[in-house]
Amino acid sequence: MASRGRPRPGSLQVLAAVLLLAAASAAAAGSPGRPAPGPPLFLPLTRSYPNANRLAGSLRRGLGEGAHPNARMRLHDDLLTNGYYTTRLYIGTPPQEFALIVDSGSTVTYVPCASCEQCGNHQDPRFQPDLSSTYSPVKCNVDCTCDNDKNQCTYERQYAEMSSSSGVLGEDIVSFGRESELKPQRAVFGCENSETGDLFSQHADGIMGLGRGQLSIMDQLVDKGVISDSFSLCYGGMDVGGGAMVLGGMPSPSDMVFSRSDPVRSPYYNIELREIHVGGKALRVDPRVFDSKHGTVLDSGTTYAYLPEQAFVSFKDAVTSKVHSLKKIRGPDPNYKDICFAGAGRNVSQLHEVFPAVDMVFGNGQKLSLTPENYLFRHSKVDGAYCLGVFQNGKDPTTLLGGIIVRNTLVTYDRHNEKIGFWKTNCSELWERLHIGGASSPAPSSDTGSQADMSPAPAPSGLPEFDVGLITIDMSINVTYPNLKPHLHELSELIAKELEIDSRQVRVMNVTSQGNSTLIRWGIFPAGPDNAMSNTTAMGIIYRLTQHHVQLPENLGSYQLLEWNVQPLTRRSWFQEHVVSILLGILLVVLFTLSAFLVVLVWRKKFSGQTAYRPVDSVAPEQELQPL
């Protein structure tokens, strides 16, 4: 499952004895569900997992190289801002939209049910089975755990960070979006009745399980013979969220590097990591350290990378020894002892000039080269500073590689051929680089006629390297202006709260009435007049808005983001910064001068009218008497 914030390793033993009230599908799935993994989690495996049967099933269902459609789907959100990537899945007839975390470590797909009594406030409305004409419950049978009434199959998932999901199993039409060649298919999924922990508080609606297991959406589609037994993920790079996902086969680039992935060893996607090189030199660790316990596991639902103690210490020392020119500083979160460096500059494309290259060498000798964005994350409080996104996996000897390792990397999980491929690329330009044109695809089926484009507003693919002074947002709200006007202040405070910024930073710049809706231009300013927003902060704000992370109260309806714009901070000259002080000084001088002049005039006038004193015997000019 996806991990949010800063996932830290947990204990495998805690979960090894816990797992699941068995989950299973009825006719569509047919056998007990498998335990689901958690974030840096330490992979709750059970000794009773039937690896041999799973492998036999994989061989039995192996599809030839004939042409099969695939489901091309966009990824949204950002790995470090949100802690996960989501995709859009549409369930039911007419389709109900959900934002689901893409998780290669989970084996079931689930969304909140309308009847859920303990579910959080998520991005989209809960699934309403009564509104879908194609929904059917998975009826109680001998292969599943049933509800109290013995009517419907249930599922339960527990994760290492102490979150959980439980509910009932249902079956309905699942659609994959407008870019998918794959037609909508019936599939079994979980309808949640209870969430706890991160699952309750996260913004995303639920989980899309891509792991190995009968309830996995991948296994269900492969069992139906509608796609080949492979899927691919491509995550955006540092400061660039989003990406792409493909369910089914796709052409492999000629220079893609592969590692064997052994499904017999565990139900999780593992690779054969043998060495890690930093700056061209191999770490001085025994290669067997990467093969301890559960080996090296690749998990799209985990944010960072976690190495066994010996490998982590060696990696940390090797990187630190290569960055003498940088200053070592404290991390952004006092709760963690992050290893951070200041003075590297803000330009991600130039980090390779400061930080060393890292290579991962597989058992077959092939090598995956990592750039600094694959093992660093930006310091959120110090501009131009970066921290290691690789941590020690507690005392667990398992190596866990999360999404940071594969940023701007196309990762193909070729389950049929038991291998995983890696290809460094710009994931925001994936289709162009693979020379794959846009595919016309069926819209999700609906009985209500044509649907509007259900994709969210486009998110930024990156911002220029400048200090951000203003973000303008054009937003259309489906409430008339007279009804909205009394709530504008409340709305600005709500937006500020959802964006996690001060309410004084959000201001209404313009309001226009448009029939039954209102067009508002918002201005989002830095915290102070002389401050600036970093690119990371601005990207986070824009992503929250474009991905509809801002939820309006029911009385304000819904909104549509029409346009956003980012303006650089205007640097003022010395005169511009001090013009008020200068004008005030001039005014005081003028007032003082005028006051002094008036005092002199009054003084002269007062004393000029008085006769000067003369002594008694002084000679006075003779004056002629005037006739009467």
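All of these numbers come straight from a predicted model, not from anything done at the bench.
The side-chain contact (heavy atoms from CB on, under 4.5 Å) test applied to C340 returns I329, P332, D338, H379, C387, not counting sequence neighbours. Not counting sequence neighbours, the partners of E373 by the side-chain hydrogen bond (donor to acceptor under 3.5 Å, both in side chains) test are N408. For S314, the side-chain hydrogen bond (donor to acceptor under 3.5 Å, both in side chains) test picks out no residue, with sequence neighbours left out. Remark: N510 engages T512, R521 in a side-chain contact (heavy atoms from CB on, under 4.5 Å) (not counting sequence neighbours). Shown here are the ring-ring contact (aromatic ring centres under 6.0 Å, His included) partners of F127, two or more places apart in sequence or in another chain: Y135, F189. Considering only residues two or more places apart in sequence or on other chains, T371 meets the side-chain hydrogen bond (donor to acceptor under 3.5 Å, both in side chains) condition with N374. Residues satisfying the side-chain contact (heavy atoms from CB on, under 4.5 Å) criterion with N565, sequence neighbours excluded, are T472, Q567. Qualifying ring-ring contact (aromatic ring centres under 6.0 Å, His included) partners for Y386, counting only residues two or more places apart in sequence or in other chains: none. By the side-chain contact (heavy atoms from CB on, under 4.5 Å) test, I586 is found to be paired with I582, V590, residues two or more places apart in sequence or in another chain being considered. Scored by the salt bridge (Lys or Arg N to Asp or Glu O under 4.0 Å) test, D502 finds R504 as partners (sequence neighbours excluded).
A pairwise comparison of heavy atoms in L488 and W522 identifies O-CH2, 4.1 Å as the closest pair.
The backbone N or O of S321 lies less than 3.5 Å from a partner atom in the side chain of H324, making a donor-acceptor pair. Put simply, the side chain of Q505 gets close to the backbone of F525: a donor and an acceptor are under 3.5 Å apart. The main-chain N or O of S165 is never found under 3.5 Å from a side-chain atom of E192 such that the two would form a donor-acceptor pair. Between the T86 side chain and the A99 main chain, no donor and acceptor come within less than 3.5 Å of each other. A donor-acceptor pair is defined here as one N or O able to donate and one able to accept, closer than 3.5 Å; such a pair exists between the side chain of T87 and the backbone of R74.
The structure places NZ of K424 at 9.5 Å from SG of C234, a figure rounded to the nearest 0.5 Å. One distance of note links SG of C116 with CZ of R126; it measures 5.0 Å at 0.5 Å rounding. Here CE of M509 is found 11.0 Å from CD1 of I524. Values are rounded to the nearest 0.5 Å. Between the CG atom of L89 and the CG atom of D205 there is a distance of 10.5 Å, given to the nearest 0.5 Å.
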Show me the donor-acceptor pairs, under 3.5 Å and distance only, between side chains in residues 348-360 and residues at least two apart or in other chains.
residue	atom	partner	partner atom	Å
S349	OG	N347	OD1	2.5
H352	ND1	S349	O	3.0
D359	OD1	S369	OG	2.9

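Counting only residues at least two apart or on different chains, no salt bridge (Lys or Arg N to Asp or Glu O under 4.0 Å) pair has a member in residues 593-602.
Using cut-offs of 30° and 60° on the angle between ring planes, the pair Y304 and F391 is perpendicular.
Screening Y84, F422, Y85 against Y235 for a ring pair (Phe, Tyr, Trp, His ring centres under 6.0 Å) leaves a single residue, Y85.
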